[in-house]
Amino acid sequence: MSNTVHEPRVLWSSVEYSTLETTTRRPRTRVVFRERDFLNGEHYPITLRHLLIDAPALFDTFTPFVPGPYTRQSRAAWLANVELSFRVRGVSNFSRFNISPRGVGEVPTDEPRGNGGALGVQTSARLFNAYRWTFTKPMNLPSDAVVDFELGGLLAIDGTQNLPVDYFPTATLALHQKGGGFANGSARTQRVPLIPTDQQRLDFPVDAYSIANNYLGGPAGIPAFPPQSRFNARVFQSQNPNGAGSASVMKGFSVAIDQQLWDAEAALAASVIGQGAIGSVGAILPARARVARGNGGSGAYWWRDGAPLSLVCPTMTTAHVYPLPAPITLEPGQALEVVATMPQPTIFEAEPLDTRYALAVSFAGEARIYG
Amino acid sequence: MTQHQREIDYLVSLAQQSPGRGIVEEPRVYYDAIRILPGQQIARSAEGVFSNGEAFPVGLTHLTAAIQLPEDSAQLIQRVAMRLVMDGSYYQSAEFLTLPNWHDVQATGAAVLGESSASYTFDRPLIVSSRNSLAVTARLENIPSAFRDVEVAFKGTGLLSNKPYLLSGRVRLTNVLAATINPDFFRNGGAEPIALTDMTVFCSADGELDGGPGDIRECRVQVRSIIDGTQAVFFQGPTVLPDMPAVLLGKTTGTCLVHRFNAPFDMLPGRSFYLEVIGLDSTVDDVFLAVGAHGTIFVE
């Protein structure tokens, strides 16, 4: 086995922008994502292979009118109106002009639509509600290596923070391996509750998720990654499919979330407070995760805390995924500069409307850890 | 190549756990509909269903699964977990793995059409020789208010001319009895063999819902070669279910779960495996899960 280990890595960031920030002097404003979020601060090169774009907005195709100081745009709106560019400053530009997400090649990553949840309510609209990352470079696992996988839930709708535990979603984690059984494959799996946690630690603005503008936050005292939602080392080792604990190769992971009951109750809660139609609730941002590998490799978390699952799973996700035509390698200390160009404000009765765009971008790949 | 050399090559290919190539290569799907038992009891597939009862090896590559009618909610598949057992070994794990975690192939069809049809790309082309035809039968799960149209199409190329061929036939069904689509639609009346590469099944909406989307789960199909090949049915399941749920054919595009094995594995003659399934809560009690194991038979 080679001494080089490929560990997954995701660099991600988010931005919220109000079109009122646009001035007449600069009709389209460039917004720079936090550069430290795309910095390779490790000792190893990171090779990035996929660009993922997602918006934490609750609405897919329409922008509902919500009485209040501003309007939050739908996913379809930002897809049409926002442009991106990225470069490694002083090293390389990757396009002469801005990239429109509409015009960049995309791969199929989403699932069939469901035909209604367990309660017959069209809420979480995906048939399987699973997220998956199949690594381009599988990760070698020594016999005593472990993978620490933690999940945290996100509250999406005001009014749902007090739902009883019976309605909490459940998540099934699976770490997929080559070898260990016939058909040359195996999986280690655990089913855990997905406990809604304190939203205040999120990068996304609170009401990017909520229709209401007066969301007060989640249950107090719940850690971001509760121990009940952790696929820990003991469970991982107990499911080693190889006799005598021999080495294996991890080819990816998947997380499937059953939130049908939760979504039905969330829809009811939203209708009670008079918010009307919801669109695809919850499927966009059900959970966040953090993963690290122990007893070998770097021991570092594979991405910065707070990333939603949709942004760290380029194989199956609700985010838009663009495989880079050629990988980008960030040497230690290098950073990507990612810029979003936002549109002009909409004018209504001679006054500009305050329109908000919330957008998140991630780059997924792997770090080359030399042994 | 001498007979001796052929025998050596055959043995070597078996030893490499790869059937290699055959003189005749036909699709094979072993399928079953498993009733999920209440109380999280383990339900097992029917005896002898996932078994190679033929005289030649079958190389399996994919699994597909879907919640079967009459259950309306296809999303209940999120509450079912499964494991495959063969010779005392488990796949993918001795722990039951929920079905959404099995899904690892993007096979989503376009809106509306994806719900009404299932497309299947053969692992190896199916050769239909001149003047051969295919016997295709279709039946419905439920009696329609008016009727449903079922269309089956095969796509391929001529082995000599390399030109495209489309063999397509349709039948209008008004009850749940099996009906054979006129074999003339699938007959190769030309002067060259046709290598068929894909199969698509479409089930329309009930005739009273003019223009509405169809539901591929309402339809079952069966196919066999009439003159050439093994003349055995392509889709083999329990005797009480002579025709396979068409939704399981969505290995390329459709609305079923699709899992690709890390490596194809052999079902040598007489080998078998079974599936064990549990429901994760009471909402899936007595719901039927249709599962298909897909591959190719290699006839020497």
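Just so it is clear, the structure is predicted and the values come from calculations on it, not from any experiment. First the proteins, then the strands, lettered A, B, ... as listed; each starts at 1.
For a residue to count as touching a neighbouring chain, one of its non-hydrogen atoms must lie under 4.5 Å from one of that chain's; by this rule B:Val80 does not touch chain A. Contact of B:Leu99 with chain A is not made at all, since no heavy-atom distance falls under 4.5 Å. Contact annotation for A:Thr134: neither backbone nor side-chain heavy atoms come within less than 4.5 Å of a heavy atom of chain B.
Atom OG of B:Ser93 is separated from atom CZ of A:Arg188 by 9.5 Å, given to the nearest 0.5 angstrom. Rounding to the nearest 0.5 Å places CG of B:Asn101 at 5.5 Å from NE2 of A:His176. Taken from OG1 in B:Thr255 to CZ in A:Phe128, the straight-line distance is 8.0 Å, to the nearest 0.5 Å. Distance CG/A:Asp258 to CD1/B:Ile77: 12.0 Å, rounded to 0.5 Å. From B:Leu97, atom CG reaches atom OG of A:Ser254 across 6.5 Å, with rounding to the nearest 0.5 Å. Once rounded to the nearest 0.5 Å, the distance linking CZ of B:Arg79 with OG1 of A:Thr172 reads 11.5 Å.
More than 12 heavy-atom neighbours from other residues, nucleotides or ligands sit within 6.0 angstrom of CZ on A:Arg49.
When side chains are defined from C-beta on, B:Gln92 does not count as touching A:Thr189, because their heavy atoms never get closer than 4.5 Å. Proximity of B:Gln75 to A:Asn129: side-chain heavy atoms (C-beta onward) are nowhere separated by under 4.5 Å. In this structure, A:Ile257 and B:Gln78 have side chains that are not in contact, with every pair of non-hydrogen atoms separated by 4.5 Å or more.
The ring pair (Phe, Tyr, Trp, His ring centres under 6.0 Å) search around B:Phe122 returns B:Tyr120, not counting sequence neighbours. Remark: B:Asp285 engages no residue in a salt bridge (charged side-chain N to carboxylate O under 4.0 Å, His left out) (not counting sequence neighbours).
Between the side chain of A:Glu111 and the main chain of B:Ala107, no donor-acceptor pair closer than 3.5 Å is present. In this structure, A:Arg132 contributes its side chain and B:His103 its backbone to a donor-acceptor pair below 3.5 Å.
Closest heavy-atom contact between A:Ala256 and B:Thr98: CB-OG1, 4.4 Å. For the pair B:Pro100 and A:Ala130, the tightest heavy-atom approach, listed with the atom from each and the gap, is O-CB, 3.7 Å.
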Verdict with reasoning, B:Leu280 to A:Arg191, per side chain to side chain contact (heavy atoms under 4.5 Å, CB included) | CA-CA 10 Å; B:Leu280 299 179; A:Arg191 192 159 171 257; 3.4 Å; yes
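Here B:Asp104 is the residue among B:Asp104, B:Thr253, B:Val284 with the most heavy-atom pairs under 4.5 Å with chain A.
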